[in-house]
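Comments concern the structure below.
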Amino acid sequence: MPGIYIHIPFCRQACHYCNFHFSVSQKRRPEFVQALKREIALQKDFLRTNNHERIILDTLYFGGGTPSLLETSELDEIFSELFRFFELAPDAEVTLEANPDDLASEKLSALRNTPVNRLSIGIQSFHEADLKYMNRSHTSEQAVKVLNNARKAGFENITADLIYGTPGMNDAQWKENIMKLILHDIPHISAYSLTVEKKTALEVFIRKGKAAPVDEEQSARQFEILCEIISQHGYEHYEISNFGKPGFFSRHNLSYWSGVPYLGLGPSAHSYRDGLRRWNIANTCNYIENLQNGQLPPFDQEQLDKDQQYNEYVMTALRTMWGVDKELVKSRFGDDYFEKMMQAARKFLKNGKMLETSSHLIISAEGKFLADGIAAELFV
Ligand code: SF4
């Protein structure tokens, strides 16, 4: 069943490492909500496969930006418009990305009265110095508080984001960050290595010597620490950056990785259907103004050819614990793709970075930190 992603392009303050599309001014938020409602109506058929049935969604995901900045009344308006055209499956996963400083107890209780049933909380770190380095808008105290309050409000399906490799964060502090989530019984953790993206404030600060540079070795070591601790506490390392207890894997992300169609709404949001990838203009003013005039905002699109579809499959599958399905590569792409893949995999099978079973190729524990590089060598 398909899914919908909704991009909310507003943030309280700009994290120094971030290259997503967002604005720290909230001025146009009311107009944005109205524009989004128009886009929902205009895009109602993107996922349609026949003329008769209502489209049933398996997953709905509010990302950003910071969707928790929305008032629950704004969320209610968005849900009402969505439900004019779409239905949620009875057990649908409805995720809202949230920052700790937006989730006071009253907000959490109000969210419980919406269809949101999964919170993705951007903790990143429990240490003030890291939060300052990253320019996060919340404090360490708020981060701890939100974990307790979310549970009290009745949310069980919670995922928290952490960032490792921050200069100044030693291994002991990193372990503390991981253990805090484990001790709060958070059933899903996403952990990302701090990367210095082009044109971010962090890149400029490092270049000008105003911020400490990121150390690859520290990142690799802290990734290993993470894998080790997490495996002792009942989490499955089901994707390179994602760790979940059974029953709590992200269904929305699993759909992305397995090629299920999805509709992306909001500025910069991506959609996918039958090899067609489409993405809205990353400009909130332009997005709003086009929709105010009754037309869809500008978008780009590409039809993935066979090579691109193969590369994408290998990249996403190798990042998961299930790996690349050898039979699927043969049947979907043909014997020549399969042969080339096996040939490229040989050196990684030899040096222990990959493992081969009767049905799959998998990245080994040793190769996990290098998964994207290994996948790239298997590309055609
Ligand atoms: S809150 Fe998220 S989207 Fe907003 S600036 Fe920070 S990392 Fe980027």
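For reference, positions follow the sequence shown, starting with 1. As the structure is a prediction and not an experimental result, all values here were calculated from the model. Note that ligands are numbered from 1 as they come in the structure, with each ligand's atoms numbered from 1 the same way.
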Is the closest heavy-atom distance from R136 to ligand 1 below 4.0 Å?
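Yes, R136 has heavy atoms under 4.0 Å from ligand 1.
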With the threshold set at under 4.0 angstrom, would you say R12 reaches ligand 1 through any of its heavy atoms?
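No.
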Between Y310 and Y337 (judged by ring centroids, cut-off 6.0 Å), do the two rings come close enough to count as a pair?
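They qualify: ring centres under 6.0 Å apart.
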Atoms of ligand 1 less than 4.0 Å from [X] heavy atoms?
{"X": "C11", "value": "1 (S), 3 (S), 4 (Fe), 5 (S)"}
{"X": "T66", "value": "1 (S), 4 (Fe)"}
{"X": "N99", "value": "1 (S)"}
{"X": "Q13", "value": "5 (S)"}

[X] bridged to [Y] by N-O distance under 4.0 Å:
{"X": "R277", "Y": "E312", "answer": "yes"}
{"X": "R221", "Y": "E224", "answer": "no"}
{"X": "D101", "Y": "R136", "answer": "no"}
{"X": "K180", "Y": "E176", "answer": "no"}
{"X": "K107", "Y": "D102", "answer": "no"}

Contact partition for C15 relative to ligand 1, non-hydrogen atoms under 4.0 Å
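The part of C15 near ligand 1 is both the backbone and the side chain.
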With respect to atom 2 (Fe) of ligand 1, which of G122, G65, G64 exhibits the smallest heavy-atom separation?
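Ranked by closest heavy atom to atom 2 (Fe) of ligand 1, first place is G65.
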With a cut-off of 2.8 Å, does any N, O or S atom of C18 fall short of it relative to atom 6 (Fe) of ligand 1?
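Under 2.8 Å: C18 has no N, O or S contact with atom 6 (Fe) of ligand 1.
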Tell me: protein heavy atom nearest atom 7 (S) of ligand 1, and distance?
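Here the closest protein heavy atom is Y17 OH, 3.5 Å.
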Between H21 and T284, is any side-chain donor less than 3.5 angstrom from a side-chain acceptor?
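On atom types as modelled, these side chains qualify, holding a pair under 3.5 Å.
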